[in-house]
Structures are given as structure tokens and as C-alpha cells.
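Let me begin by presenting the structure, written as C-alpha cells, before commenting on it.
Just so you know, these numbers come straight off a predicted model, no measurement behind them. Chain A is the first sequence line, chain B the second, and so forth, proteins listed ahead of strands; every chain is numbered from 1.
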Amino acid sequence: MSHPLHLAVSGSGPRVRFAPSPTGFLHVGSARTFIFNWLYARHNGGTMILRLDDTDVERNTEASVSSIFEGLKWLGLSWDEEYKQSERLELHRKIALAIFEKGLAYRDFTPAHAGEADRSGTQAAWLFNLGMRELSRGESDRRAAAGETFALRFRVPREAGQPVCFNDAVYGEQAKSAADIEDFALLRSDGMPTYHLASCADDADLRISHIIRGQDHLTNTFKHVLIFEAVGVKPPQFAHLPLLVAPDGTKLSKRRHGPVVSVTTYRDAGFLSEAFVNFLCLLGWSPKNDREQMSVPELTQAFSLEGINRANAVVNFTQEDPFDAKAVWLNAEHIRASTVEDLSARLLPIACQAGFSVDPGKMLRVTPLIRERIKLLRDVLVVADFFFVDHLAPYDPAELIPQKGDLAMAKKVLQRAREVLEKTEFKHDLLDAALRPAAQELAVKAGQMFQPIRVAVCGRKNAPPLFETLEVLGKETTLARVEQAIAKIQ
RNA sequence: GGCGCUAUCGUCUAGGGGUUAGGACGGAAGAUUCUCAAUCUUCAAACCCGGGUUCGAUUCCCGGUAGCGCUACCA
């Protein structure tokens, strides 16, 4: 692990954390949770903490850790403190022991997985493994000393018949009878803490004030409240987020839904991170003022827990259309809102990687011509390719034929265009002023004059405005391509 | 099965005891431009069902249904 730990406990505002478990790449749902936490921290002048919840040694991978950092880095939202649960095992064990010593937990010597079989039955057997809860302390100590392995389980106070309660900032007052909560594990038989224990121990120790996380943890929260109470710590404020689901209504998963659930897929497709953040924010949260396109500072300003919705949000995608249309539209909005300089700098590496011959100066001139014509950064490759290649890809000569015209007209137009272009300075307004009268002289409509030229220089009918395009392309390239077009229809 | 959560156009959402139920994406049509895009205009499109409460419920309450989540020595 090469990531530095920042242990400085800073600020006086709320302390929130994003606590992913490194068992896969950074998921869009996780990214949204991170973003909501970040927004809450920044809006309230609080502290954003990143904590790797890596207590499941079986499933954690180093690749996943770097993938998570890679995704977060792209989002461009920084955090203030960083921790790894696996480096805090002493604390977890200490807290587990304290709970045990208070009699609020007991050793369970049942072999792992032994109780799974009959848990689906109607009996209450799923709540605990028979016999273990009542083991005397002496007997328990004896068996432990004899080397028998055990899990440590929380002794849920079912007898009292009291409900466990908490107030959720999103879902309101929550209560659940302790009789419906099973004796969950705190420590595994290998001594490693479970998620519930490690998470609460760290949240208490790091003085987390607000836990903002997915709604899949809503029912777990009753267990967590029990742990906080057992430790003698006031539970943090909880705020559960509605889940992001696929069009089929199920939780997004790589196995079922493919790479669209990974943040890096959006990055690689040419989303601006700001647009992606913007899109995610609008799933399950609303500024309630009809605003949609918002910058990160604007989102920070507008964000509040009150705006969070309770119903799951569908990320709408299909096999053919892997990205939600609204995400794409928002991205286009952010692209159009970018400055030419900024957009150009983002486009340049993409074009270079694709093997186009570009330099910053040329991209700077091309960018304003395509800014309103691309939805994703990668679209530059199909929208502006003809600016960056020495030879146009082959096209059907029939494309040169103008509307309501024929091959003869195309030829006539191109030959005249060649003459005009040769003696015109390549400035878009001068080109306009020269080519428009030329059309009149030939008794063709302006569109009939421009279209063959456009196809000759762009290789296709749909392209940016002609005169600006010609100006960027330059006289030499333009004339060469017009010449080639004429040759095609000889 | 048990427990919990949720339910407004196809999707994201606003709203809320009396509204023409608002916006956005997407869709359709039109305007505009040298094509495309952008822009503008217009249109279609929703309160899950059943009971209550009420003069009046899409809104409040209850029930149903459906969906989701939890029910691991995963997180």
C-alpha cells in the first residue's frame, strides 16, 4: 500500500466518511454515495474521510484498491483523512472484548456455516445457534482455553421486547422490535472483525457525525445502534440513500449489467467528470428548483439532506445504448458550457491516442467548430476526423451530387469552386463572399453549391459549417481534396 | 418465509386536501441555418388498486398489490 495516511483530525464541522470495501472496481452507486458525502462535508464545512473497509480478507484485492482510487481520482473530489480498517484491528478487538466483558456478547462455538440449513424454516432458529447463548461464562472460558474456535456474537436483548429506534434524515423515524434481530457476529472464528463491528468501532473512534450510505444498510442500522449503545457512544446521524437500480429494477451489478456499472466506463467513453457527478446527483436528490445542469460548486451550494428522495432511481440503459440519455445530454450541456481552451485540452489526448496527427494549435481551432456537435469527448474522433488525416477515407462519389441535382451539376460546381478557391484568401467571411456569388453565376442554389464542396473536403454530408471548416483546413488541403473529388467523377 | 423500505409521464423529478398536476431527458411535428448540430415553438405522455377521513383526495390514515432491501463467521 502506497497511499499515505492523513491522520490530522481537522475542523469542527460534521465528519462524514465514504467506506468502500475493496472487492471490485468503483461502482456508480458507490461513486454517488461518495459524492453525496463529499457534498455534505463541503457544504457544511466538514471533514471528508475515506476509509477502506477491508476486513474481508478472502475477497479483498489490491487491484480493487487501485481501481477505487482511480475512479475517485477521476471524479476530482478530494478527501481530508484516510484510513484502512485492516490497520485498526487492535481497536476492533478491544471494543469487541469490552462488549463481551459487559456480557453483551457471547462466544458461539458452532462451526461456521453449520446453522445455515434450517434458517429458512418458520422457527426462530435463525435468530441464534441453539445452546450457545446460555453457555455459562465458566464453560465458555474453559472451551476457549481448550483451543476451541468460536465466533463472538452480540447478545440481542430480545427478552425485553423493546424496539430499537433511530431517526433517519431521509426515511424518518425507524423502529424495529429487538425480537426480529438475530444475534449477529462481531468477531469471526479467525478473530477478524465483521463489517458491523469494524464499521461501528471505527465510526465511533473517528467520531463520524453523519453516516450517509446506501439504503441497503437501513435494516443493518438497527444492529449498529445496538453496538453503539453497547459501547456507550451516541449513534451518529444516519441518512440512507435510495438505491440506484438497473432498468430491470435490480441493484446494478457487473455480472448482470456489464461494464456500465463501473465509473471508469464513463470516463473512457468521454464523459466529463463534472457532468457525471451532476448526473449522479440528480438520481435520488433534487435541488427542487428545476435546475439540471449544475457545476460542482453549484451542487455544493445547493446540496442538502432534505432534498434526498426515498424511492430507488433507475439508471436507464440498454444493450445498444449503454448510457442513460440524460447523462449524455448533461454531458453535452457541460461540453457546451466549457471554454474552448479547456475543451480543446481534453480533446487533444483523445485524438492523439487514436493516431490522428494533431497539435494543440490545430485542436484549438477545430474545437469551436465541434463543441456543439459532440455529446461525448470521444465523438471528436468521428466528428472531426477529416481535420486530422492526410487522406480522406473513401466515399461514394454519388455523395457529391447536390439536392435536386445530378453528377453533371456536381462536376460543374466543383470545377467552379476550384477556380474561386484558388484566388480567394482562406478566411471564412471571404470564402462566403466568394462562393455565394459563384453559385448565383452557375444558377444553382447556395446549398447545391456548398454540398459538393463539403463532401469533397469532409468525405460526408454532415459536418461543421463549411467556410469555417475550409479556413481551418487551409487552401492547400482544400484544393487537393476538391481536385480528388473532380477526379472521382470524371 | 420473517422483518424493513418504497410507489407522480417510458426515465429523472417538482408539487401537494380544491392546481389546466410543473420541469427535464427521450419521442413526434414545425421554425431557423449551406448540411449536421445547436437554438426556438408546439404536441403526446403520469398521481398502482381498494377502502376510509373530509364538503372535497393524487396528497392524510388503513388494507392490498407490486418492486426493492436485509435476513452470512460478505460488505
Side-chain angles (χ1 to χ4, degrees), chain A residues 19-23 53-56 58-60 108 110-116 119-122 124 126-127 149-153 168 171 174-177 179-182 184-196 198-199 214-223 240 242-243 245 247 249-251 279 282-293 309-317 321 324-330 332 336 369-375 383 402-403 432 435-436 439 445-451 453-455 458 460-467:
Chain A
S21 70
T23 55
D53 279 10
D54 56 350
T55 53
D56 184 356
E58 298 288 309
R59 303 197 309 154
N60 294 331
D108 182 349
T110 313
H113 309 300
E116 278 173 15
R119 294 222 159 164
S120 52
T122 49
W126 64 277
L127 289 169
T149 63
F150 59 87
L152 191 72
R153 285 185 186 278
D168 189 273
Y171 290 91
Q174 300 294 313
K176 181 171 179 168
S177 168
D180 292 321
I181 302 172
E182 75 280 10
F184 54 95
L186 258 21
L187 247 30
R188 300 187 177 88
S189 45
D190 63 0
M192 285 293 282
T194 62
Y195 161 73
H196 299 303
S199 177
Q215 193 240 49
D216 47 347
H217 286 296
L218 190 64
T219 38
N220 285 332
T221 306
F222 296 105
K223 295 173 190 170
H240 286 89
L243 264 21
V245 298
T250 61
K251 215 161 114 172
F279 170 64
L282 262 17
L283 294 174
W285 172 79
S286 165
K288 300 184 189 289
N289 61 3
D290 287 346
R291 286 227 36 209
E292 304 251 52
Q293 198 251 104
N309 222 333
R310 279 175 293 275
N312 289 170
V314 175
V315 180
N316 216 358
F317 59 85
D321 247 326
D324 192 308
K326 194 143 194 174
V328 174
W329 169 77
L330 265 176
R336 289 192 285 268
L369 303 188
I370 63 169
R371 184 165 47 176
E372 287 177 352
R373 274 162 261 263
I374 57 174
K375 294 180 186 313
V383 170
Q403 279 277 306
D432 191 332
L435 286 168
R436 231 173 259 278
K445 290 185 177 167
Q448 291 175 313
M449 177 86 195
F450 302 156
Q451 197 64 359
I453 303 173
R454 186 194 319 283
V455 174
C458 301
R460 72 177 88 95
K461 285 177 172 167
N462 298 340
L466 185 59
F467 309 119

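- With salt bridges taken as basic N to acidic carboxylate O contacts below 4.0 Å, none links A/E182 and A/R153.
- Rounded to an integer number of Å, the gap from NZ of A/K251 to P of B/C68 is 12 Å.
- B/G18 sits 24 Å from B/U13 when the P atoms are compared, rounded to a whole Å.
- Atom CG in A/L187 sits about 12 Å away from atom P in B/A75, given to the nearest Å.
- Out of B/C73, B/U71, B/U6, the shortest distance to the side chain of A/W126 is found at B/U71.
- Atom CZ in A/F279 sits roughly 8 Å away from atom C1' in B/C12 (whole-Å rounding).
- One C1' atom belongs to B/U20, the other to B/C25, and the distance between them is 23 Å to the nearest Å.
- Residue-level contact check: A/D432 touches neither bases nor backbone, having no heavy atom under 4.0 Å from any strand.
- For B/G10, the paired base is B/C25 (Watson-Crick or G-U wobble, both distances below 3.5 Å).
- At whole-Å resolution of the value, CG in A/D180 and P in B/C5 are 12 Å apart.
- Within 4.0 Å (heavy atoms only), A/R310 reaches sugar-phosphate atoms of the nucleic acid but no base atom.
- Going from atom CD of A/Q403 over to atom C1' of B/C36 covers 13 Å, rounded to whole Å.
- Between the side chain of A/R373 and the base of B/C36, at least one donor-acceptor pair of N or O atoms lies under 3.5 Å.
- Between A/K288 and B/A14 there is a side-chain N or O to OP1 or OP2 distance below 4.0 Å.
- Atom-to-atom, CD of A/E292 to P of B/A24 comes out at 8 Å; the value is rounded to the nearest Å.
- Of the candidates B/U13, B/G23, B/A38, the closest approach to any side-chain atom of A/K326 belongs to B/G23.
- Nearest nucleotide to the side chain of A/T219, out of B/U11, B/C70, B/C34: B/C70.
- Across all strands, A/F184 comes closer than 4.0 Å to no nucleic acid atom at all (heavy-atom distances).
- Nucleotide B/U53 forms no Watson-Crick or G-U wobble pair with any nucleotide shown, as no partner meets the under 3.5 Å limit on both distances.
- Heavy atoms of A/S189 sit under 4.0 angstrom from at least one base atom.
- Of all nucleotides present, only B/A31 satisfies the Watson-Crick or G-U wobble test against B/U39, with each distance under 3.5 Å.
- Between the side chain of A/D216 and the base of B/A75, no donor-acceptor pair under 3.5 Å is found.
- For A/E372 and B/U39, the CD to P distance is 7 Å, given to the nearest whole Å.
- Contact annotation for A/P242: no contact, since no heavy-atom pair falls under 4.0 Å across all strands.
- Between B/A57 and B/C48, the distance separating the two C1' atoms is 16 Å to the nearest Å.
- Nucleic acid contact for A/P464: base, since at least one base atom lies under 4.0 Å from a heavy atom of the residue.
- A/T250 comes within 4.0 angstrom of sugar-phosphate atoms only, judged by non-hydrogen atoms across all strands, and of no base.
- When heavy atoms are screened at a 4.0 angstrom cut-off, A/T149 is found touching no nucleic acid atom at all.
- As rounded to whole Å, 16 Å separates atom P of B/U33 from atom CD of A/Q451.
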